[in-house]
There are 2 protein chains.
Amino acid sequence: MPMMNLDFLSNDYQEKKTKAQKIEEEIKIEILSGRLRTGQRIVEQDLCDKYGISRTPIREILRRIESEGLIETIPNRGAFVKGFTEQNIDDFYVMKSALEVQCIRWAIERITDDELDMLQQTFEFMEFYTMSDDLEKMLRINNGFDTIIYRACHNREMEKTLHRYNFYLKYAASSSRYPANYLTTVLEEHRAIFHAFMTRNPEAGAEAAEIHMLKTMIRRK
Amino acid sequence: MPMMNLDFLSNDYQEKKTKAQKIEEEIKIEILSGRLRTGQRIVEQDLCDKYGISRTPIREILRRIESEGLIETIPNRGAFVKGFTEQNIDDFYVMKSALEVQCIRWAIERITDDELDMLQQTFEFMEFYTMSDDLEKMLRINNGFDTIIYRACHNREMEKTLHRYNFYLKYAASSSRYPANYLTTVLEEHRAIFHAFMTRNPEAGAEAAEIHMLKTMIRRK
DNA sequence: TATAAGTGGATTGTATACAATTTAATTTAT
DNA sequence: ATAAATTAAATTGTATACAATCCACTTATA
């Protein structure tokens with residue numbers, strides 16, 4: 001079994017988390033998962049009671065979520081959930097796809113030797129977990145594979161944006177049911193991308209990424 | 001001279017604007033334009049004095065700007081400007097380019113007859129302002145042209161994101177000096193895009209958009 | 001002198017109070 | 001009985017007060 005530091009695989013992109021950041025994430029997941037329904041009004045006091053803090057920090061959290069676009073604030077009327085519909089889940093897949101294709105193209109041109117090394121080790125993990133049929137570990141290592149590529153693009157906005165879209169889609173479009181040969185299928189799609197990195201062929205990478213995204217979108221139908 | 005309703009050309013994407021939103025925009029422009037320098041600490045009380053409101057709304061504004069990524073907040077230490085460097089201005093051009101190419105591809109497939117009509121009228125304005133050598137009006141009608149296309153993509157996240165990148169680049173990368181034949185050059189680049197719409201040829205549109213973005217990036221060097 | 005510990009001022013984080021506005025409930029008028 | 005007008009309650013917007021934390025400076029100690 002391959003050896004490496006797996007710290008970067010930790011579920012969350014962010015390093016440290018304050019209390020407010022945890023509450024913010026909880027509220028966002030409530031929205032994305034649909035427990036707070038689209039159009040529903042959010043009353044500040046309710047959140048205060050639920051999380052045991054006063055309105056001031058709750059309002060600051062809401063302003064952040066508002067800026068992210070997950071709620072809409074109407075002056076003097078309050079905050080309203082802008083949840084995800086099937087339609088705009090597709091919108092986000094389109095956005096993710098457009099960016100990811102370009103991200104991979106650039107990452108292949110810019111990746112450092114160290115990063116390529118990490119990518120190789122990570123892919124070996126993917127092969128290992130596919131063989132041992134370990135779905136949960138495979139999902140985590142998949143994230144790690146993506147994380148390395150996003151970083152190798154060396155474009156901070158690209159990195160942040162793709163992580164954000166993944167967060168959205170994880171909670172808004174997670175299916176929890178996987179087809180029979182899911183592991184091997186995904187592994188082979190990733191192998192094409194990985195191969196493009198090893199041969200430093202940006203166009204092959206972009207094409208593989210596009211195919212991978214298309215198949216992902218089809219799979220969830 | 002062509003006739004049409006030019007309301008949608010109004011400088012700002014947003015409809016209504018509260019006092020807080022105006023202050024928020026002012027602060028963002030201060031950051032983007034470089035008047036607030038990268039790394040500089042933002043003291044809340046200073047903003048209170050400057051804009052004549054108390055800390056509570058100022059902090060809510062800062063939380064929005066923070067979520068957008070223009071400042072970084074370190075717990076108990078305050079907010080620090082994350083201004084734009086030459087490097088990450090390019091990062092945003094890359095992002096904009098990747099999205100705009102895909103946006104145009106989709107817009108050509110999805111544009112309604114009404115929208116196509118508007119696009120045609122707008123392009124006729126562009127021809128008119130190029131002939132009459134009116135730079136200022138040309139810049140505004142350019143925005144209108146883009147706005148129609150962004151909307152015709154019928155992907156709200158795409159629309160919002162591209163408007164946001166344009167806002168960033170407008171203030172962070174505006175050159176204010178234009179080459180001699182700027183108007184005719186830009187008109188011809190747009191003509192290629194417009195032609196792709198009229199012939200409903202997504203690939204031609206994507207290619208024209210890519211060329212347009214590349215030339216735009218080169219022009220500012 | 002150099003380093004550590006402590007002190008005061010400044011700044012941020014949170015709670016609360018009050019004003020402005022909206023929402024609902026009730027009354028009044030037709 | 002229905003619609004308009006009025007009032008009361010609930011909710012949001014803003015200011016202020018206080019607590020917690022950080023930062024620079026002073027003082028104490030080796």
Side-chain angles (χ1 to χ4, degrees), chain A residues 12-32 35-83, chain B residues 12-32 35-83:
Chain A
D12 302 302
Y13 172 60
Q14 282 262 356
E15 319 74 30
K16 58 196 170 189
K17 279 228 180 77
T18 66
K19 215 172 305 173
Q21 281 174 318
K22 290 208 107 189
I23 295 174
E24 179 181 341
E25 189 170 309
E26 273 193 64
I27 296 174
K28 286 200 282 197
I29 292 174
E30 293 271 310
I31 295 171
L32 291 168
R35 282 191 289 278
L36 287 174
R37 257 177 266 138
T38 300
Q40 187 174 333
R41 181 178 183 180
I42 295 174
V43 176
E44 294 168 3
Q45 191 58 50
D46 294 349
L47 296 179
C48 296
D49 298 342
K50 181 165 183 183
Y51 296 107
I53 55 177
S54 76
R55 279 181 59 219
T56 309
I58 283 289
R59 281 176 65 89
E60 295 191 2
I61 289 169
L62 289 178
R63 293 299 84 80
R64 272 195 288 253
I65 298 178
E66 177 194 0
S67 176
E68 216 176 302
L70 259 38
I71 62 174
E72 184 182 4
T73 305
I74 302 176
N76 291 314
R77 304 251 337 253
F80 297 83
V81 177
K82 292 208 319 198
Chain B
D12 303 302
Y13 172 59
Q14 283 261 355
E15 320 74 29
K16 58 196 171 189
K17 280 229 180 81
T18 67
K19 216 172 304 172
Q21 281 175 318
K22 292 208 105 189
I23 295 173
E24 179 181 342
E25 190 171 308
E26 273 193 65
I27 296 174
K28 286 200 281 196
I29 292 175
E30 293 269 311
I31 295 171
L32 291 167
R35 282 192 289 278
L36 287 173
R37 257 177 265 137
T38 299
Q40 187 174 334
R41 181 177 183 181
I42 295 175
V43 176
E44 293 167 4
Q45 191 57 51
D46 294 349
L47 296 179
C48 297
D49 299 341
K50 181 166 183 181
Y51 296 106
I53 55 178
S54 76
R55 278 180 60 218
T56 310
I58 283 288
R59 280 177 65 89
E60 295 191 2
I61 289 169
L62 289 178
R63 292 298 84 80
R64 271 195 288 254
I65 299 179
E66 177 195 0
S67 175
E68 216 177 301
L70 258 39
I71 61 174
E72 183 183 4
T73 304
I74 301 175
N76 292 312
R77 304 250 338 251
F80 297 83
V81 176
K82 291 207 322 196

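Below, chains carry the letters A, B, ... as their sequence lines are ordered, and counting in each starts from 1. Note that the structure is a prediction, hence the values are computed from the model and not measured.
In this structure, CD of A:Gln45 is placed 17 Å from C1' of C:dT23, rounded to the nearest angstrom. To the nearest angstrom, P of C:dT11 lies 12 Å from CZ of B:Phe80. The separation between A:Ile23 atom CD1 and C:dG13 atom P is 15 Å, rounded to whole Å. For the pair B:Leu47 CG and C:dT11 P, the interatomic distance rounds to 12 Å; values are reported in whole Å. Rounded to whole Å, atom P of C:dT11 lies 10 Å from atom CZ of B:Arg55. What separates CD1 of A:Ile74 from P of D:dG13 is a distance of 11 Å, to the nearest Å. The CG-C1' distance, from A:Asp46 to D:dT12, rounds to 13 Å in whole Å. Distance B:Asp49 CG to C:dT11 P: 10 Å, rounded to the nearest Å.
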Report task. Take B:Glu44 and B:Arg55 through the test salt bridge (charged side-chain N to carboxylate O under 4.0 Å, His left out) and record every step on the way to the result. Result -> CA-CA 7 Å; B:Glu44 293 167 4; B:Arg55 278 180 60 218; 2.9 Å; yes
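Under the side-chain contact (heavy atoms from CB on, under 4.5 Å) rule, A:Ile71 has a single partner from A:Glu66, A:Arg41, A:Gln40, which is A:Glu66. Partner B:Glu24 forms a side-chain contact (heavy atoms from CB on, under 4.5 Å) with one of B:Lys19, B:Arg64, B:Glu60 and no other, that one being B:Arg64.
Between the base of D:dG13 and the side chain of A:Arg77 there is no donor-acceptor pair shorter than 3.5 Å.
A sub-4.0 Å separation between OP1 or OP2 of D:dG13 and a side-chain N or O of A:Arg59 is present. Proximity of A:Ser54 to the phosphate of C:dA15: a side-chain N or O atom is located under 4.0 Å from OP1 or OP2.
As judged by a 4.0 angstrom heavy-atom cut-off over every strand, A:Ile42 is placed among residues touching the sugar-phosphate backbone only. Using a 4.0 Å heavy-atom distance criterion, B:Ile58 is classed as making no nucleic acid contact.
Listed nucleotides C:dT12, C:dG13, D:dT14 differ in distance to B:Pro57; the shortest reach to its side chain belongs to D:dT14. Of the listed nucleotides (D:dT21, C:dA15, D:dG13), D:dT21 has the atom at the smallest distance from the side chain of B:Asn76.
Residue order along DNA chain C, read from the 5' end via each residue's closest nucleotide, puts B:Val43 first among B:Val43 and B:Thr56. In this structure, A:Gly52 and B:Glu44 both approach DNA chain C, and ranking their closest nucleotides by distance from the 5' end singles out B:Glu44. Between B:Arg41 and B:Ile53, the residue anchored nearer the 5' end of DNA chain D, judged by the nucleotide with its closest heavy atom, is B:Ile53.
Two residues are said to be in side-chain contact when any heavy atoms from C-beta on lie closer than 4.5 Å; B:Leu62 and B:Thr73 fail this criterion.
A salt bridge between A:Lys50 and A:Glu26 is absent, with no side-chain N of the basic residue lying under 4.0 Å from a carboxylate O of the acidic one.
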